[in-house]
Number of protein chains: 2
Amino acid sequence: MKKTEPAPKKPLPPQATIRRLSVYLRYLNGLDGDGVKVISSHDLARRLALNPAQVRKDLAYFGEFGKRGVGYSVKKLRDHIVKILGLQKMRKVAIIGAGGRLGTALALYTGFEKRNFKVCALFDKDPAVIGNEVDGVGRILSIEELPRTVKETGIEILVLTIPAAAIKEVHDIIMLSGVRAILNFAPYKMLSTEDVAVHNVDLTTELEALSYLLSLRESGLTSLENNLPADNE
Amino acid sequence: MKKTEPAPKKPLPPQATIRRLSVYLRYLNGLDGDGVKVISSHDLARRLALNPAQVRKDLAYFGEFGKRGVGYSVKKLRDHIVKILGLQKMRKVAIIGAGGRLGTALALYTGFEKRNFKVCALFDKDPAVIGNEVDGVGRILSIEELPRTVKETGIEILVLTIPAAAIKEVHDIIMLSGVRAILNFAPYKMLSTEDVAVHNVDLTTELEALSYLLSLRESGLTSLENNLPADNE
DNA sequence: CAAACTTTGTGATATAATGCTCATATTATA
DNA sequence: TATAATATGAGCATTATATCACAAAGTTTG
């Protein structure tokens with residue numbers, strides 16, 4: 001009787017690979033819309049300013065999707081990536097801080113539904129906005145109702161759009177609410193735990209990183225044009 | 001006569017370092033507000049779930065700011081990071097797609113000004129919103145006015161909050177407008193050039209990366225709790 | 001003021017991500 | 001069916017990034 005598997009051979013894919021898969025997916029959707037049937041790693045890479053080998057390696061983490069001498073079937077590859085990222089299943093999302101500008105903007109953003117994310121609950125701490133109706137989503141609930149709603153509705157992802165100062169107050173109720181993932185826009189670095197994966201998106205940090213590049217150029221490091229830190233994402 | 005410098009010894013700091021500097025800066029501001037005078041790399045690292053050596057190395061790219069046996073002066077370190085990131089100088093920002101939800105939310109977000117970014121012009125392509133007044137910022141201008149306004153006002157950074165489909169139309173006018181940096185929220189990967197640094201922030205990609213983690217756990221890779229891809233940023 | 005303790009800054013080392021190269025598979029063509 | 005052309009997948013090389021470990025510097029204590 002053997003111990004377990006014969007040896008998984010492949011290491012876990014890096015997070016950067018996962019991000020790129022999402023970008024590939026979007027591009028593939030566009031190609032499919034244009035009627036393109038097949039794409040090579042070379043062409044994919046060129047459009048996205050990546051190395052073709054990187055594209056192939058990213059995909060090879062998950063199987064052999066391509067055909068030598070031909071390339072990748074746009075539709076098949078798209079379907080594979082959808083499965084890899086777990087996007088066949090609709091994911092329920094709630095927004096915390098839905099009374100604020102950013103929260104409202106995201107609550108009303110229709111782009112998520114196209115990708116199978118459904119905003120289906122809104123929360124806030126401020127009594128002044130609790131009860132307000134948001135078109136097509138529902139009324140804003142008190143944050144106190146979060147744990148119950150998460151369980152009843154099956155919410156998996158929380159989007160946090162609250163001020164930094166408010167985090168401490170809601171931190172525990174959020175982490176213990178039963179959600180498995182958080183997308184945090186508050187300018188305060190939340191840490192992942194065993195139970196809850198957190199991704200922080202810090203708009204100020206993004207601007208400051210750009211400011212750094214600006215001041216590099218100002219300070220006359222002229223031929224920085226090479227090794228320029230390039231774009232992220 | 002020597003060729004140039006005696007040899008810069010230090011390599012360029014990675015982008016990840018720059019991002020972390022921004023995070024350090026925010027935390028240092030908080031500490032300063034709380035009256036904390038000195039912080040060690042160890043304490044800083046603990047709060048931000050980093051390695052102390054990484055904190056020290058990040059800072060060491062730019063000089064020797066600490067005191068052995070003591071730590072870093074909160075105020076001094078804060079001031080150094082401000083200089084490194086070029087934040088002593090106010091940076092003028094314009095928003096393209098200011099008629100949309102996200103654009104409006106960002107235009108009205110007051111958090112940027114605290115960090116010395118000033119939103120001072122708004123643009124859109126849609127005649128239905130051009131001319132609309134946005135409190136405290138001004139009227140929405142036609143995108144046609146972008147190049148002139150950039151030059152006259154000294155705008156350095158553009159924030160793009162337009163639909164993906166609209167990018168192709170405005171791509172050239174933006175890249176040639178004279179700005180040096182772009183923060184792109186549109187779900188379309190824009191590429192950096194020699195003249196214009198682009199950072200892409202893709203909200204859908206963030207959600208999809210979280211979805212991947214969710215489906216990993218669903219598929220029963222139980223003891224993933226170790227090597228969990230953790231948080232980004 | 002010496003000994004014990006703390007904490008930085010950095011060279012050495014480990015880990016990870018990216019890029020290169022080529023054997024192999026597929027298609028097209030003559 | 002052989003030949004040329006294309007493009008994947010995988011192993012290896014290279015580069016980039018993160019961590020370790022320790023000497024040097026500063027502080028505190030007795």
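First the proteins, then the strands, lettered A, B, ... as listed; each starts at 1.
Along DNA chain C, the nucleotide nearest to B:Phe65 and the one nearest to A:Ala16 differ in position, and the one closer to the 5' end is contacted by B:Phe65.
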Could you encode protein contacts along nucleotides 20-30 of chain C as a string, one character per nucleotide from 5' to 3', using B for base contact, S for sugar-phosphate-only contact and - for no contact, with a heavy-atom cut-off of under 4.0 Å? BB--BBBS---

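Rounded to an integer number of Å, the gap from B:Asp58 CG to C:dG9 C1' is 13 Å. Atom P of nucleotide D:dT8 and atom NE2 of A:His42 are separated by 10 Å, given to the nearest angstrom. Atom CZ in B:Arg20 sits roughly 12 Å away from atom C1' in D:dA16 (whole-Å rounding). Rounded to whole Å, atom P of D:dG26 lies 10 Å from atom CD of B:Glu64. Here D:dA10 presents its P atom at 12 Å from OH of A:Tyr61, a figure rounded to the nearest Å. Rounded to a whole Å, the CG atom of A:Leu44 is 13 Å from the P atom of D:dG9. Rounded to whole angstrom, the span from the CG atom of B:Leu21 across to the C1' atom of D:dT17 amounts to 15 Å. For B:Leu59 and C:dG9, the CG to P distance is 8 Å, given to the nearest whole Å.
Neither OP1 nor OP2 of D:dA16 sits under 4.0 Å from any side-chain N or O of B:Gln15. For the pair B:Tyr72 and C:dG9, the criterion of a side-chain N or O lying under 4.0 Å from OP1 or OP2 is met. Between B:Ser41 and C:dT8 there is a side-chain polar atom (N or O) within less than 4.0 angstrom of OP1 or OP2.
At the heavy-atom level, B:Thr17 lies nowhere under 4.0 Å from the strands shown.
Judged as a side-chain hydrogen bond (donor to acceptor under 3.5 Å, both in side chains), and not counting sequence neighbours, the contacts of A:Lys75 are A:Asp32. Listed by chain and residue number, nothing satisfies the ring pair (Phe, Tyr, Trp, His ring centres under 6.0 Å) test with A:Tyr188 (two or more places apart in sequence, or in another chain).
With contacts defined as side-chain heavy-atom distances shorter than 4.5 Å, the pair A:Tyr27/A:Ile39 qualifies. Side chains of B:Arg78 and B:Arg26 form no contact here, defined as non-hydrogen atoms less than 4.5 Å apart.
Here B:Glu156 does not pair with B:Lys92 in a salt bridge; the nearest charged N to carboxylate O distance is not below 4.0 Å. B:Glu208 and A:Arg19 are not joined by a salt bridge, as no carboxylate oxygen comes within less than 4.0 angstrom of a charged side-chain nitrogen.
Smallest separation of non-hydrogen atoms from B:Arg91 and A:Glu218: NH1-OE2, 2.7 Å.
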